[in-house]
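Worksheet for the structure shown next.
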Amino acid sequence: MSVSMLTAGAIRDIVTGKTVEQPVLQVLGHKKIAGSGGSATERFRLLLSDGVNSQSSAMLGTQLNYLVLNGELEDNSIVRLDKFICNTIPPDRRVMILLELSIIKRGSEVPGKLGNPVPFKGTAAAGGDANRNPPQQTNEHAASNGAPEQAQQSTGQTNSFYGKNNVTPKAYGNNNLPQTPGGSTPKVYPITALTPYQNRWTIRARLTNKSNIRTWSNSRGEGKLFSMTFTDESGEIRATAFKAEVDKFYDILEVNKVYYVTKATLKTANKQYSSVDNDYEMTLNRDSQIEECTEDVDLPTVTFNFTPINALGNMAPNTTVDVIGVVKSVADVSTIIAKATQKELKKREVSLVDQNQVMINLTLWGETAEGFDGSNHPVLAIKGARLSDFGGRSLSTLSSSQLIVNPDIEEAHRLKGWYDRDGHNLDFQQYRNEGGQGGSGGATNWKSFAAVKQENIGATEKPDYYSAKGTVIFMRKENCMYQACPKMDCNKKVVDQSNGLYRCEKCQLEYPNYKWRMILSANLADYSDNQWVTCFQETTETLLGKSADELGSLRESDEASFDQIFQEATFKSYTFKLRAKQETYNDESRLKTIVVNATPIDYREYNRKLIQDIEKMAGMI
DNA sequence: CCCCCCCC
């Protein structure tokens, strides 16, 4: 291992505008860029060295973030830059954007910093080409079509080409301008060149997704809408049609056909709701035109920006991701009742695996669940799946998710080959235990009680679930038991008629007996804070180590022993799964936390989590 | 102008 592995002088050449093919460099460090948001938008900057010089203005394309998130791209790694671009930020700062790279030696296998690199102080001007626009595809297209200066500037400096690697410039060349059916020659722009600041454009793109029509009704009004995705060589963009535009366009648009689209409104995209890789999205308006392109053009179909399964644990929940994996197992369709709407829903559980030997569960809903054929371990690619913490880190389909079984892409063939050869015999690390609903296994959404308050967990009508290691520091033993209706599944409190009979108002009946039920208010503490929680029958029995019946009779016969049980149960620690939700009583709303389950602490699992926390704090991951 | 997406 020596400095001669590195492409000496590459950094000077790149920064001064020379072409350097596949330089081999060392990663000396990496940093999450301050201000970059959650996992959907976070960006990493790398400190690169060629052994002679180092350069800190190197941004990792977001499609490569997973390399940092899953620990593959360690500091000191030796990497080959297979694809990168270098942009000038006026007046003369040069920023590299890494689009594809190969890890030649992992950081742990490299003794340390190779050579004695010094920061390269030169700029684009040092090479005498400060005024030359560096070759950069998006700029070239815009320029060749006579785009206004503003468009060139904004496209040259946004991040909109992160993750794009399928640009074929010829489609936009002057000699190749398409004719619309009307015969006029539109200015065809690459999708990545569109911004809200520019309004005379036409794109030519394939319709790669089209939702059903949906209606909405809220305080701001009601209406109907559908959304769609257009894809060209440069990238993709989401578009939405409302009301009149639904009537105008829904029926004429067919998935996989190519269209010219012009005169729609551009606005900033809310990344939380879609994995479509564009900072902007379109709203169709009354002036919008969409016409089919009947020429035979070679445009990509759905494009993906896959996150490997083992990196999904490090991302923020409720984001939307693209995932590919082999269907390891598939369950039958089952039915649940939605709590909020009481509607009956069909679902199907699928588990997906990939070469990193991690398995994740995916829930399919509705027609997607019913129509899914997971036999013979197909490869499944999903665009726009939602990351959730249901039963541990998991995935769920949205109505906008696109599922493609055995897609004809390289990743899919590689996965299938791997699975048929080796994968089917391997064991997989799981984000949750098989059938482990309610078990502690796979607890991923760990929170400290201080974090729960700080992050306003449970501040909405919708419940939040989290796991916490907690110690029971107090239990309110008064009123923790009640005499309940003996009828199975009734559990309503009965009234003692003082004549040997117990009346249930719900059943409108009097019974000669009752059963004991428990509802316990307890205070849990961790290192950071404490939290009042409510336990029902089963969890109370777990914490006290006695059944409700035993406790009920003990309370009546031997109060000292009854108290003793509570004393002994205090100061015990568990892994709690908790449900937090805002509840309103008499116009006063407060956080209510219910214990879903309490399980003995799995110290192996818990220590793994602590080690990961420490590594995060140390900036190691 | 939606952005609900369900289960513990």
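The chains referred to below are lettered A, B, ... by the order of the sequence lines, with proteins before strands, and numbering in each begins at 1.
An OP1 or OP2 oxygen of B/dC2 is reached within less than 4.0 angstrom by a side-chain nitrogen or oxygen of A/Arg220. At least one side-chain nitrogen or oxygen of A/Lys339 sits closer than 4.0 Å to the OP1 or OP2 atom of B/dC8. For the pair A/Arg386 and B/dC3, the criterion of a side-chain N or O lying under 4.0 Å from OP1 or OP2 is not met. For A/Trp365 and B/dC5, the shortest distance from a side-chain N or O to OP1 or OP2 is not below 4.0 Å. Between A/Lys267 and B/dC1 there is a side-chain polar atom (N or O) within less than 4.0 angstrom of OP1 or OP2. Using a 4.0 Å cut-off, no side-chain N or O of A/Ser396 falls inside it from OP1 or OP2 of B/dC7.
Nearest to the side chain of A/Arg214, among B/dC2, B/dC5, B/dC7, sits B/dC2. In this structure, of B/dC2, B/dC6, B/dC8, it is B/dC8 that holds the atom nearest to the side chain of A/Lys577. Out of B/dC7, B/dC4, B/dC2, the shortest distance to the side chain of A/Leu225 is found at B/dC2. Of the candidates B/dC6, B/dC2, B/dC1, B/dC2 carries the atom nearest the A/Thr240 side chain, counting heavy atoms from C-beta on.
Note: CD (A/Glu344) to C1' (B/dC5) measures 17 Å, nearest angstrom. Remark: C1' of B/dC8 and OH of A/Tyr431 are 20 Å apart, rounded to the nearest angstrom. What separates CG of A/Asn270 from C1' of B/dC2 is a distance of 10 Å, to the nearest Å. Remark: P of B/dC6 and CD of A/Glu349 are 12 Å apart, rounded to the nearest angstrom. Atom CG of A/Asn218 and atom P of B/dC5 are 14 Å apart (whole Å). Atom CD1 of A/Ile336 and atom C1' of B/dC7 are 4 Å apart (whole Å). Rounded to whole Å, atom P of B/dC5 lies 14 Å from atom CZ of A/Phe390. The distance between atom CG of A/Leu362 and atom P of B/dC6, rounded to the nearest whole Å, is 12 Å.
Using modelled atom types and a 3.5 Å distance limit, the side chains of A/Trp201 and A/Thr262 yield no donor-acceptor pair.
At a threshold of 4.0 angstrom between heavy atoms, the contacts of A/Leu345 include nucleobase atoms, whether or not backbone atoms are also involved. Heavy atoms of A/Arg348 sit nowhere under 4.0 angstrom from any nucleic acid atom.
Stacking annotation: A/Phe242 is not stacked on the base of B/dC2 (requires ring centroids less than 5.5 angstrom apart and an interplanar angle below 30 degrees).
The residues A/Asp322 and A/Lys383 are annotated as salt-bridged, a charged nitrogen and a carboxylate oxygen being separated by less than 4.0 angstrom. Using a cutoff of 4.0 Å between basic side-chain nitrogens and carboxylate oxygens, A/Lys347 and A/Glu349 are scored as salt-bridged.
By the ring-ring contact (aromatic ring centres under 6.0 Å, His included) test, A/Phe566 pairs with A/Phe562, sequence neighbours left out. A/Glu455 pairs by the salt bridge (Lys or Arg N to Asp or Glu O under 4.0 Å) definition with A/Lys447, not counting sequence neighbours.
Judged by distance alone, with hydrogens and angles left aside, A/Glu222 brings no side-chain donor or acceptor close enough to the base of B/dC2 to form a pair under 3.5 Å.
Residue A/Lys453 qualifies as enclosed at atom NZ: its count of foreign heavy atoms under 6.0 Å is above 12.
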